[in-house]
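Positions are given from 1, in the same order as the sequence printed here. Values in this document were obtained by computation on a predicted structure and should not be read as measured data.
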Amino acid sequence: MSIAIVLLVLFVGIIMIIEGLYLTVFGKSIKLNSRVNRRLALMEQGKDHEEVLNTLRKEREQHNKSKRVPIFSILGKKASQANIAFSPSALIGIMVAVTIISAIVLITFTKLPDLAAVAIAIAMGVGGVFVWLNKKAKDRLALFEEQLPEAIELIVRSLRVGHPFSSAINTVAQEMPDPIGSEFGMIADEATYGRDISLALEDLAERIDVQDLRFLTVAVSIQAKSGGNLAEVLAGLGQVIRLRFRLFRRVKAITSEAKFSGFFLSGFPLFALAAILFIKPDYYDDVQKTAAFVPAALIVGAMIVLNIFIMKAMVNIKV
């Protein structure tokens with residue numbers, strides 16, 4: 001069997017194993033589209049506000065220590081943004097287990113030298129966990145960003161009927177699902193125990209890293225220091241965010257054909273190579289012995305990589 005096909009199947013299998021393990025261990029409790037956010041679900045189990053806050057805060061901050069380690073800092077950041085229920089030690093254990101499985105598969109089904117197989121297995125273990133974490137983080141941040149305009153509208157309506165800002169935040173926590181429901185619920189609970197809401201919002205914006213949330217944080221911070229009609233400011237902010245979303249979706253629709261073309265042009269050579277090697281594994285045996293084979297292969301590989309970056313830059317329009 002071709003090495004390229006084995007590597008592709010192995011990498012896809014790694015992602016599926018990690019996702020299956022995550023769903024098996026945590027099940028429905030980690031679904032993003034649940035109608036009841038996790039904070040309310042914990043309260044329905046009979047836990048008080050302080051106990052729920054401590055539980056959610058522990059889950060939120062468990063990956064902070066891993067951010068200090070240079071090798072795991074990127075993984076820690078992605079795990080924190082995705083609010084992964086796996087602990088840092090569990091993620092490291094998964095990487096080790098996946099690396100061992102990958103090494104066994106590569107040594108068994110390929111003719112690679114043991115050292116090369118181990119090196120590729122390590123890359124598979126770390127890379128597989130990173131790709132999975134990155135996908136989880138992107139999905140959660142995208143959903144948070146989509147929920148934010150509705151949350152701002154709830155805050156504006158609460159402020160206009162005379163409720164304080166802390167009560168408006170609690171309204172969002174009661175009415176909206178995760179991820180924004182539990183995140184704003186933690187802010188409301190922290191404010192109840194005396195923490196400044198502006199500081200809590202700043203910490204959330206720093207961790208979530210969503211531009212529109214930073215706008216909300218700045219607006220609240222300025223209003224707290226200098227005064228003003230916060231409801232009108234947030235109403236304008238909510239309208240701007242919705243207009244940005246509308247423009248972004250329009251740009252996405254316009255560039256979808258170009259994105260597909262870039263994906264096809266970048267992936268087709270690799271697919272064709274894998275198909276040729278699968279149908280006739282000895283197809284390149286004769287040319288492999290020539291002096292020009294390795295330079296030509298490197299040039300083709302560099303051109304494919306360059307094509308990926310060029311096509312991505314052409315369709316990556318900032319909104």
Side-chain angles (χ1 to χ4, degrees), residues 37-40 42-43 48-65 67-68 76-77 79-83 137 140-245:
N37 63 57
R38 190 157 187 273
R39 174 175 170 270
L40 295 181
L42 290 173
M43 288 181 178
D48 57 26
H49 285 271
E50 185 176 1
E51 190 175 0
V52 171
L53 177 61
N54 290 333
T55 299
L56 295 177
R57 184 182 289 173
K58 182 179 179 181
E59 294 176 357
R60 181 183 68 182
E61 297 176 354
Q62 65 178 343
H63 298 284
N64 288 345
K65 292 182 179 179
K67 295 179 183 179
R68 303 171 187 171
K77 181 179 179 180
S80 179
Q81 290 179 341
N83 199 30
R140 188 169 186 267
L141 294 184
L143 184 55
F144 188 99
E145 197 169 10
E146 187 175 344
Q147 290 177 323
L148 190 57
E150 185 178 350
I152 292 176
E153 287 185 0
L154 279 174
I155 293 173
V156 170
R157 288 199 293 268
S158 296
L159 292 175
R160 283 175 173 170
V161 297
H163 292 164
F165 185 67
S166 58
S167 178
I169 291 289
N170 192 54
T171 300
V172 175
Q174 296 288 336
E175 298 294 332
M176 297 196 66
D178 281 338
I180 206 167
S182 291
E183 293 289 357
F184 274 54
M186 291 178 66
I187 293 176
D189 290 340
E190 288 173 344
T192 301
Y193 290 103
R195 191 181 186 192
D196 185 78
I197 292 184
S198 298
L199 294 178
L201 277 172
E202 288 177 6
D203 287 346
L204 177 61
E206 186 67 25
R207 183 166 50 87
I208 295 295
D209 196 20
V210 171
Q211 185 177 11
D212 295 330
L213 181 59
R214 293 187 185 276
F215 294 155
L216 172 63
T217 302
V218 171
V220 173
S221 179
I222 292 175
Q223 191 274 340
K225 295 176 181 178
S226 60
N229 191 335
L230 183 60
E232 294 301 323
V233 173
L234 294 185
L237 176 61
Q239 186 177 6
V240 169
I241 293 174
R242 288 194 179 279
L243 290 175
R244 285 183 67 244
F245 262 107

Can you check side-chain contact (heavy atoms from CB on, under 4.5 Å) on Q223 and V233, steps first, answer last? CA-CA 9 Å; Q223 191 274 340; V233 173; over 6 Å; no
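- Using a 4.5 Å heavy-atom threshold, the side chains of L204 and F144 count as touching.
- Closest heavy-atom contact between T217 and A205: OG1-CB, 3.7 Å.
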Begin with the C-alpha distance, continue with both residues' side-chain angles, and end with the deciding distance and a verdict on side-chain contact (heavy atoms from CB on, under 4.5 Å) for R60 and R207. CA-CA 10 Å; R60 181 183 68 182; R207 183 166 50 87; 2.9 Å; yes
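- Using a 4.0 Å cut-off between charged nitrogen and carboxylate oxygen, E183 and R38 do not count as a salt-bridge pair.
- In the displayed structure, E150 atom CD is contacted under 6.0 Å by at most 12 heavy atoms of other residues, nucleotides or ligands.
- Judged by distance alone, the side chain of R140 and the main-chain N or O of Q81 form a donor-acceptor pair under 3.5 Å.
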Report the C-alpha separation of Q211 and R244 in whole Å, then their side-chain angles, then the decisive distance to 0.1 Å, and conclude whether the side-chain contact (heavy atoms from CB on, under 4.5 Å) test is met. CA-CA 11 Å; Q211 185 177 11; R244 285 183 67 244; 3.7 Å; yes
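- The line from CD of Q62 to CZ of R57 is 14.5 Å long, rounded to the nearest 0.5 Å.
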Could you give me the CA-CA distance, side-chain angles and deciding distance for E51 and M43, then say whether side-chain contact (heavy atoms from CB on, under 4.5 Å) is met? CA-CA 9 Å; E51 190 175 0; M43 288 181 178; over 6 Å; no
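- We find the CD-CD1 distance between Q147 and I152 to be 12.0 Å, quoted to the nearest 0.5 Å.
- The two residues S221 and S198 come nearest to each other via the heavy atoms CA-OG, 4.1 Å.
- Closest heavy-atom contact between P177 and N37: C-CB, 3.9 Å.
- Side-chain atoms of D189 do not come within 3.5 Å of backbone N or O of L53 as any donor-acceptor pair.
- A donor-acceptor contact shorter than 3.5 Å links the side chain of S226 to the backbone of I222.
- Residues V218 and F215 are not in side-chain contact: their nearest non-hydrogen atoms beyond the backbone lie 4.5 Å or more apart.
- A distance of 10.5 Å separates CD1 of I208 from CZ of R214, quoted to the nearest 0.5 Å.
- Summarising the geometry of A151 relative to V172, their closest heavy-atom pair is O-CG2, 3.6 Å, with the distance given to 0.1 Å.
- At a threshold of 4.0 Å, the pair E153-R242 counts as salt-bridged, since one of the basic side-chain nitrogens sits closer than that to a carboxylate oxygen.
- Taking the charged nitrogens against the carboxylate oxygens, R160 and E232 do have a contact shorter than 4.0 Å, which makes a salt bridge.
- For the atom pair OG of S158 and CG of N170, the computed distance is 9.5 Å after rounding to the nearest 0.5 Å.
- Going from atom NE2 of H49 over to atom CD of E190 covers 14.0 Å, rounded to the nearest 0.5 Å.
- Rounding to the nearest 0.5 angstrom, the gap separating the CG atom in L216 from the CD1 atom in I241 is 7.5 Å.
- Residues L56 and M186 share a closest heavy-atom pair of CB-SD, 3.6 Å.
- Shown here for A173 and F184, the closest heavy-atom pair between the two residues is CB-C, 4.0 Å.
- Between I155 and T171, the closest side-chain pair of non-hydrogen atoms is not below 4.5 Å.
- For the pair H163/V161, a side-chain contact is recorded, criterion being any heavy-atom separation below 4.5 Å from C-beta on.
- When side chains are defined from C-beta on, N83 does not count as touching P179, because their heavy atoms never get closer than 4.5 Å.
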